[in-house]
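In what follows, a structure is listed as structure tokens, so that the remarks can point back to it.
We name chains A, B, ... by the order of the sequence lines, and we start the count at 1 in each one.
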2 protein chains.
Amino acid sequence: MTKPTAANRSGQLLEAAAVCFSREGFDAASMRAIADEAGMRTASIYYHFDSKDNLLVAVHEEALRRIGAATTAALHDVEGAWERLEAACAAHLVILLTEGTFVNAVMRPVPSKVEGRELIFKLRDDYESIFTDLINALALPQGTDRDTLRLMLLGAMNWTFTWWHPKEGPAPEALASIFVANLRTGLDVT
Amino acid sequence: MTKPTAANRSGQLLEAAAVCFSREGFDAASMRAIADEAGMRTASIYYHFDSKDNLLVAVHEEALRRIGAATTAALHDVEGAWERLEAACAAHLVILLTEGTFVNAVMRPVPSKVEGRELIFKLRDDYESIFTDLINALALPQGTDRDTLRLMLLGAMNWTFTWWHPKEGPAPEALASIFVANLRTGLDVT
DNA sequence: GTCTATATGCTGATAGAC
DNA sequence: GTCTATCAGCATATAGAC
């Protein structure tokens with residue numbers, strides 16, 4: 001028997017916020033809708049979180065903690081610099097596309113007026129440093145712009161949620177494989 | 001002397017809406033703010049457009065018309081399938097990143113509740129068919145997934161507005177060159 | 001075509017009982 | 001910790017004068 005605790009309910013609330021943010025976007029998601037989703041009243045939210053902006057920051061913290069842990073775990077025991085990059089991409093896409101709501105709420109433009117924007121960007125940068133390291137480990141042609149390569153790959157991945165559907169096209173792992181293979185091997189046959 | 005006409009003012013209004021949508025996002029941009037930006041009163045907007053949703057659709061129509069024209073024009077006289085792809089990418093990124101407001105307002109997740117979502121997606125698809133054609137013209141290794149390639153490249157490009165800054169990193173044209181070269185040549189030197 | 005004035009409803013947030 | 005009740009403000013949109 002798990003008795004409901006304050007931490008418990010905060011977690012449920014966070015989950016509810018993630019659902020609403022990912023479904024409607026931050027601005028369109030109302031505190032009422034979040035409260036409904038969590039099965040409580042609007043006012044009760046403010047016992048757990050100071051403001052809506054605060055809630056968005058908390059969702060980012062949790063989402064980036066989760067995806068960071070998943071991506072790091074996926075690297076365990078994988079050898080070869082390109083294979084490790086692919087494994088990280090697969091983990092990133094799996095969690096973004098199929099364990100949807102949480103990470104999904106976060107991989108989109110940050111509303112321009114929220115308090116805590118800076119912190120949100122810092123959290124993202126910290127997560128993305130995993131990819132910086134993986135790309136630094138690659139042997140690349142002299143003069144390759146590794147920063148642009150990272151941003152290109154992350155961009156391709158983060159945009160997938162606008163077009164990917166579970167029923168058609170490649171699964172997340174296959175997508176990662178294709179993205180990395182395209183970059184690794186090159187496509188010009190002329 | 002150009003006398004203000006209805007069409008004139010509708011255009012100004014559209015421009016104002018694009019500015020506000022790209023600055024704050026659709027949901028956070030108020031009709032008041034748009035009216036301010038256009039130098040008129042809120043109620044006057046409704047003479048030109050039926051609703052806020054309608055205004056978003058109109059902004060998409062104009063933005064995709066512009067970027068479609070720019071990208072097509074950029075292909076004039078360019079030869080070589082890869083060179084043509086790069087030229088289109090350069091045009092796409094130039095207009096997205098430096099002629100900002102209009103296209104910028106459009107290259108982001110579509111709010112889930114707007115009337116006219118279907119039309120917006122159709123407008124996007126029509127524009128992206130330029131890239132479908134360019135990629136179909138490439139000689140690629142057998143078995144290459146051309147759809148995923150297109151979506152990968154467009155994703156990498158469309159995500160740039162979240163990180164690109166005019167003062168640091170590659171210019172839009174250089175970015176296009178790097179993106180396409182990475183895919184064309186491949187990066188594995190082992 | 002643009003204005004003033006206003007309708008109606010929803011927003012994030014607070015006060016205070018339990 | 002969660003509730004009921006409520007605030008003040010802003011949202012989109014409309015009516016009708018000019």
Side-chain angles (χ1 to χ4, degrees), chain A residues 1-60 105 110-117 120, chain B residues 1-60 105 110-117 120:
Chain A
M1 285 316 260
T2 43
K3 190 168 102 185
T5 64
N8 255 349
R9 299 288 280 151
S10 290
Q12 284 176 33
L13 204 41
L14 217 52
E15 189 88 32
V19 169
C20 293
F21 292 162
S22 84
R23 196 166 48 205
E24 315 172 44
F26 175 76
D27 290 305
S30 69
M31 294 299 262
R32 278 170 156 81
I34 294 167
D36 278 0
E37 183 76 31
M40 58 171 69
R41 298 288 163 149
T42 313
S44 308
I45 297 179
Y46 292 88
Y47 174 80
H48 300 275
F49 299 93
D50 287 344
S51 69
K52 192 185 175 189
D53 287 359
N54 210 300
L55 199 40
L56 183 67
V57 172
V59 167
H60 274 81
V110 183
S112 54
K113 285 180 197 157
V114 293
E115 203 152 351
R117 256 174 86 90
I120 286 173
Chain B
M1 280 320 256
T2 44
K3 189 169 104 186
T5 66
N8 255 350
R9 298 289 280 152
S10 289
Q12 285 175 33
L13 205 40
L14 217 52
E15 189 89 34
V19 169
C20 292
F21 292 162
S22 82
R23 195 167 48 206
E24 315 171 44
F26 175 75
D27 290 305
S30 70
M31 295 297 262
R32 277 170 156 80
I34 294 166
D36 277 0
E37 183 75 31
M40 57 173 70
R41 298 288 161 146
T42 312
S44 308
I45 298 179
Y46 293 87
Y47 173 80
H48 301 273
F49 299 93
D50 287 344
S51 69
K52 193 185 174 188
D53 286 0
N54 210 300
L55 200 40
L56 183 67
V57 172
V59 167
H60 273 81
V110 183
S112 55
K113 286 179 195 158
V114 294
E115 202 152 355
R117 255 175 86 91
I120 286 173

Problem - A/Asp36 CG - C/dT11 C1' separation (whole Å) - result: 14 Å
Problem - SG on A/Cys20 to CZ on A/Arg32, rounded to 0.5 Å - result: 13.5 Å
Would you tabulate the side-chain donor-acceptor contacts of residues 33-42 of chain B under 3.5 Å, counting partners in other chains and residues two or more places apart, or write 'none'?
| from | atom 1 | to | atom 2 | distance (Å) |
| --- | --- | --- | --- | --- |
| B/Glu37 | OE1 | B/Arg23 | NH2 | 3.3 |

Exercise for the section: Could you check whether B/Ala29 gets within reach of a base, just the sugar-phosphate, or nothing at all, counting any heavy atom under 4.0 Å? Expected result: sugar-phosphate
Completion exercise
In whole angstroms, the gap separating P of C/dG12 from CD1 of A/Ile34 amounts to 8 Å
Problem - Protein-to-nucleotide contact annotation, 5' to 3' order, nucleotides 4-9 of chain C [B base; S sugar-phosphate only; - none; under 4.0 Å, heavy atom] - result: B-----
Practice task
For DNA chain D, determine which residues of residues 18-25 of chain B have any heavy atom closer than 4.0 angstrom to one of its atoms, and list them numerically.
Solution key: none
Fill in the blank from the handout: Between NZ of B/Lys113 and P of D/dA11 the distance, given in whole Å, is 16 Å
Exercise for the section: Report the distance from atom NE2 of A/His48 to atom C1' of C/dT14, rounded to the nearest whole Å. Expected result: 16 Å
Handout entry: D/dG1 phosphate, OP1 or OP2, under 4.0 Å from A/Arg9 side-chain N/O
Key = no
Handout entry: Approximate separation, where rounding is to 0.5 Å, of B/Ile45 CD1 and B/Leu13 CG
Key = 5.5 Å
Practice task
Could you check which of C/dG1, D/dT2, C/dG12 has an atom nearest any side-chain atom of A/Met40?
Solution key: D/dT2
Problem - Value rounded to 0.5 Å, distance of OG in A/Ser10 from CZ in A/Phe49 - result: 5.0 Å
Problem - Value in whole Å for how far the C1' atom of D/dT12 lies from CD1 of B/Ile45 - result: 10 Å
Exercise for the section: Take the protein atom CG of A/Asn54 and the nucleotide atom P of C/dT14, then report the distance between them rounded to whole Å. Expected result: 12 Å
Practice task
Specify the separation, in whole Å, of atom OH of B/Tyr46 and atom P of D/dA15.
Solution key: 13 Å
Handout entry: Minimum heavy-atom distance A/Asp27-A/Pro111, with the two atoms named
Key = OD2-CB, 4.0 Å
Practice task
In whole angstrom, give the distance that lies between atom CG of A/Leu13 and atom C1' of C/dG12.
Solution key: 15 Å
Exercise for the section: Using five pairs at either end of the helix from C/dG1-D/dC18 to C/dC18-D/dG1, determine the angle between the two local helix axes and round it to 10 degrees. Expected result: 10°
Exercise for the section: With rounding to the nearest 0.5 Å, note down the distance linking CG in A/Leu55 to CG in A/Leu14. Expected result: 6.5 Å
Completion exercise
Looking only at D/dA11, C/dG12, C/dT2, the nucleotide nearest the A/Ser30 side chain is C/dG12
Practice task
Answer whether the closest heavy-atom distance between the side chains of B/Lys52 and B/Ser30 falls below 4.5 Å.
Solution key: no
Practice task
Measure from the side chain of A/Tyr47, starting at C-beta and using heavy atoms only, and say which of D/dG1, C/dA13, C/dG1 lies closest.
Solution key: D/dG1
Handout entry: Residues in side chain to side chain contact (heavy atoms under 4.5 Å, CB included) contact with A/Asp53, at least two apart in sequence or another chain
Key = A/Phe26, A/Ser51, A/Val114, A/Glu115
